[in-house]
Amino acid sequence: MRTLYSFTVILSLSFFLFSFNRIENNNFKYKKAPNHSTVYRSQNDVNEISNGFFKRYSDLKKYKSDIMSLYKTRTLGTIWFDEDEINEFGSVLYEKAKKTNDLIIPYQKEIDQLFSASSDKSTLSQTDADMLLSSLYIVYTKKSNADKKKLAYNDMLKDFLNYSTLEEQETTAVATNEKVEFDQYYKLQDALKKYKRLEKSSKYRPIVPEESPYKELRPDAVSSTIAQVRTRLYLLGDLKTDSKSNVYDRELMDAVMKYKVRNGFKPNYILAEEHINEMNIPLEDKVATLKLNMERCREISAKIAASDEYVLVNVPSYELIYVKNGKVVLTSPVFVGAPLTKTTIFNGEIDRIVFSPYWTVPQSIVQNELRSKIAADPNYLAEKNMEMVNGQVRQKPGPDNSLGLVKFMFPNSDDIYMHDTPSKTLFDFEKRTFSHGCINVKMAKELAVAMLKDYPEWTQAKIDTAMAGKVENSFKLSKKVPIFITYFTSLVNEKGEVGFFQDVYEKDANPTGETLSGTAIVNQ
């Protein structure tokens, strides 16, 4: 999810100006930029500011023409600041300059202080700080773009203040010859860049609730906690602006809903303690999670890239997606195996769709759960629409069958599969680990219809009849559909929004040995 400022936004922010009385006095503290744009209307003002700056920093006089060319369209508005903080482009410039071999940086001590969390910046006005960074830009550009020396520096600045500038930040970037085909990798990489920038922001601070013990916050509540949540959601991109209001208003309601949906929380407006705790997870942990999930993308990339049709079930987000011809055709909530009966992480091929299925009860369930009930009640099997066949207990087809109206089969050594369920209310839960390992699909019927689009004999009427039958009806697919059961604790959705999900099987803490290749890898 990319939330970088576009060039036009950077320009609009950069028209903020620092207010001076006497610029010769260089003992100003940083002042927060006003909410309106202030413009010097007199060239005398511009000349006074620039003359004062180059008098104080005389070693930069030889760059005066180039530096001042950067401010022609800004009337000395800031380039490298967003309100009272250095923006991401200023941080990138500093990091890139430091990594450039043999680059001599004039007034490096003063520039280093701008990025030091412990140093006192009060000796610099914001205008001086901005012009020092502009001088760094000129020096860095002269060194790194020698072949473009005929291009004006203010023209090159337009390219620098753009997304491409940030592509070279320190990430787990892939070399050209190691291209990953699964586009989720690159989406997570963009999210990683954002979270690494947030690590450097002094605005990203822990949310400290106003009341202890914490009380749930609902719409129309008034609390300093609300203002902190508002700032956090603004930094994460769920809010476009930060009004800093401590009232839980309509604008914040929409942002909270957006935040909850992308992170797999129950979609409502309640701000519970668990939501505050999630927002307070250290950014370094989020960065580690993004990197880990980027590596997981590598494991399945080649097979997904080769598939024009596939089903992907992601356990931590309790979601299924069905992709055909490169487009997401269907998404559905699912519930998966409980921690003691985990759903296996693997990939395989769906080869059959079974309508009105029987459910042959696993012997472990018969032994641990049913035997005592059958012994206590001779009518138990009949009441549950079950029967004994060749020493095995099975449930007959019907709307109350534990497998619902349809199941999807893919051979694997753990004998797990996907199926419908009559227990639709379980999908209302936030944490959905209920099964003995199989994947229960809320929109199972819709998935069957979508997968049979290329089989003209399977009309909607025929599918409805097959699902309402009293006899099992199995259809073998002429073209097997790949299925990937994955374990991504962070993913980027179709809107470009990154989500972080609960590590339900605690694989993030101990990911060694996990792989997604093969047919049945992890025997839980």
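For clarity, every value in this text was computed on a predicted model and none was experimentally measured.
Annotation: salt bridge (Lys or Arg N to Asp or Glu O under 4.0 Å) contacts involving residues 350-378, sequence neighbours excluded, are absent. Applying the ring-ring contact (aromatic ring centres under 6.0 Å, His included) test to pairs two or more places apart or on separate chains, those with a residue in residues 306-338 are Tyr310-Phe484, Phe335-Phe427, Phe335-Phe434.
Using a 3.5 Å distance cut-off with no hydrogens or angles, the side chains of Glu497 and Asn493 do pair a donor with an acceptor. Side-chain contact, Tyr487 with Asp508: no donor N or O sits under 3.5 Å from an acceptor N or O. A side-chain donor from one of Tyr259 and Glu278 sits under 3.5 Å from a side-chain acceptor of the other. With hydrogens and angles left out, the side-chain atoms of Ser224 and Glu210 include a donor and acceptor closer than 3.5 Å.
Lys479 and Asp308 are joined by a salt bridge, as a carboxylate oxygen and a charged side-chain nitrogen come within less than 4.0 angstrom of each other. The pair Glu251-Arg230 meets the salt-bridge criterion, since a charged nitrogen lies less than 4.0 angstrom from a carboxylate oxygen. A salt bridge links Asp454 to Lys324: at least one charged side-chain nitrogen sits closer than 4.0 Å to a carboxylate oxygen. With respect to Lys445 and Asp464, a salt bridge is recorded, a charged nitrogen being found less than 4.0 Å from a carboxylate O.
Summarising the local packing, NZ of Lys286 is surrounded by more than 12 heavy atoms from other residues, nucleotides or ligands at distances under 6.0 Å.
With hydrogens and angles disregarded, a donor-acceptor distance shorter than 3.5 Å links the side chain of Lys194 to the backbone of Leu236. Although no hydrogens or angles enter the test, the distance criterion places no donor-acceptor pair under 3.5 Å between the side chain of Thr343 and the main chain of Val336.
Ring pair Phe500/Tyr195: centre-to-centre distance below 6.0 Å.
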Requested in this report: Before giving the answer on salt bridge (charged side-chain N to carboxylate O under 4.0 Å, His left out), spell out for Lys424 and Asp420 the whole-Å C-alpha distance, their side-chain angles and the decisive distance to 0.1 Å.
Outcome: CA-CA 9 Å; Lys424 301 297 186 184; Asp420 184 25; 2.7 Å; yes

List the atom pairs, with distances to 0.1 Å, where a side-chain N or O of residues 396-408 and a protein N or O form a donor-acceptor pair under 3.5 Å, not counting sequence neighbours.
{"residue": "Asn401", "atom": "OD1", "partner": "Leu403", "partner atom": "N", "Å": "2.7"}
{"residue": "Asn401", "atom": "ND2", "partner": "Pro357", "partner atom": "O", "Å": "3.2"}
{"residue": "Asn401", "atom": "ND2", "partner": "Gln395", "partner atom": "O", "Å": "3.2"}
{"residue": "Asn401", "atom": "ND2", "partner": "Lys396", "partner atom": "O", "Å": "2.9"}
{"residue": "Ser402", "atom": "OG", "partner": "Gln395", "partner atom": "OE1", "Å": "3.2"}

